[in-house]
Amino acid sequence: MALNARLDHRNPLVLDTHELGRRPGALQRLTRTVDAPKDFGIKGVIGVPEGAPLELELRLESVMEGVLVTGTARAKAEGECVRCLEPVELRPDADFQEMFSYPDADDRGRVITEPADDAEDDEDRLFVEDGLIDLETVLRDAVVLALPMQPVCREDCAGLCSECGVNLNDDPDHHHDAVDIRWAALQGLADTMKAGEKDEMSGAEPGVDEKQEK
C-alpha cells in the first residue's frame, strides 16, 4: 500500500483503528459479515463468488510499530472437480496474521521525522493510513492459500473415461474392449478382402457400382 493512499472508510474491508489509540497492548475484537470482492480465489479453478457472504473474526492489537491483525475468514467457495468436472463447493477457514505499520515509525516502533524513501520495503509492507487499514489484500492472499489448487468432489473420484467421457463415478463397471493395434491393420485387410469377394459373386468388378455398369 502506498503511503499516500487514501482509503474509503465506507468500504466494509477498511477498518478504523482509532479506538486503539496507538496504545501498545490495546486490543479490539471484531466480528462482521461482508460481501466478497471480485476475483476472490484461484481464477479459473475455484473461488468465492463476488458478493457472497464473507464471515470475519478479527483481533486488532496495538503494538509499538503499528497494528497487528489476526483473524479467520470463512466463505463458500465454488469450482469444479478436476477429475470429473462436476461442481464442487468448499467452506475453507482462511487464517491470517498481518502487521500494518505506522508510516511515521521505524521497525522498532520509534517515531521518525520523515518516512523512509525505500520503494522495495514499502512494496512488502502494509500501512495504517489516517487510522484506517485495508484488509482486502490480506484476505485475498489468505483465501487463495486455503483453497486447493486441484479441487476434487471427493478423494476417491474416478474421473471421466479417457475414450468416451463417461463419468466413471456413475458407472464404475464401464470399460472398452482393448484392441491390439497389431491386429487392427489385419482386421482392415480382412474387411477389404470380404468386400472384394462380394463384388465377384455379384458379377461386378471390385469397387465398381452396379448402376455404373448399367
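None of these values were measured; they are calculated from a predicted model. We number each residue from 1, following the sequence as shown.
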**Message:** Within a 6.0 Å radius of atom CD on Glu19, are there more than 12 heavy atoms belonging to other residues, nucleotides or ligands?
**Reply:** no
**Complete:** Exactly one of Leu15, Leu20, Ile133, Leu7 clears side chain to side chain contact (heavy atoms under 4.5 Å, CB included) with Val128, and that residue is Ile133
**Request:** Report yes or no: do Thr72 and Asp93 form a side-chain donor-acceptor pair below 3.5 Å?
**Result:** no
**Request:** Start with the C-alpha gap between Leu145 and Phe96, add the side-chain angles, then the distance that decides, and say whether side chain to side chain contact (heavy atoms under 4.5 Å, CB included) holds.
**Result:** CA-CA 10 Å; Leu145 290 175; Phe96 59 91; over 6 Å; no
**Message:** Is the positively charged end of Arg22 above the ring of Tyr102, judged by distance under 6.0 angstrom from the centroid and angle within 45° of the axis?
**Reply:** yes
**Item:** Option passing side chain to side chain contact (heavy atoms under 4.5 Å, CB included) with Leu60 (candidates Asp16, Leu27, Val69, Thr70)
**Value:** Val69
**Asked** Just checking, any donor-acceptor pair under 3.5 angstrom between side chains of Asn169 and Arg83?
**Response** no
**Request:** Could you state whether Val67 and Leu58 fall into the same hydrophobic cluster, counting links through intermediate Ile, Leu, Val, Met, Phe, Trp or Tyr residues with side-chain heavy atoms under 4.5 angstrom apart?
**Result:** yes
**Working for side chain to side chain contact (heavy atoms under 4.5 Å, CB included), residues His174 and Cys164** = CA-CA 10 Å; His174 175 82; Cys164 66; 3.2 Å; yes
**Asked** Where the side chain of Asn11 meets the backbone of Leu13, is there a donor-acceptor pair that is under 3.5 Å apart?
**Response** yes
**Request:** May I ask you to test the Leu126-Val138 pair for a side-chain heavy-atom distance under 4.5 Å?
**Result:** yes
**Message:** Does Arg91 form a salt bridge (Lys or Arg N to Asp or Glu O under 4.0 Å) with Glu89? I'd like the steps, not just the answer.
**Reply:** CA-CA 7 Å; Arg91 291 184 177 275; Glu89 288 189 2; 5.6 Å; no
**Under 3.5 Å: donor-acceptor pair, side chain of Arg140, backbone of Pro37** = no
**Prompt:** Less than 4.0 Å between a side-chain N and a carboxylate O, is that true for Lys76 and Glu78?
**Reply:** yes
**Asked** Taking it one step at a time, do Arg32 and Glu55 satisfy salt bridge (Lys or Arg N to Asp or Glu O under 4.0 Å)?
**Response** CA-CA 6 Å; Arg32 60 175 56 180; Glu55 300 174 1; over 6 Å; no
**Item:** Ser62 (side chain) donor-acceptor with Arg23 (main chain) under 3.5 angstrom
**Value:** yes
**Complete:** Here the pair of heavy atoms bringing Asn167 nearest to Cys84 is ND2-CB, 4.0 Å
**Request:** Given side chain to side chain contact (heavy atoms under 4.5 Å, CB included), test Leu56 with Val34 step by step and report yes or no.
**Result:** CA-CA 8 Å; Leu56 304 177; Val34 301; 4.2 Å; yes
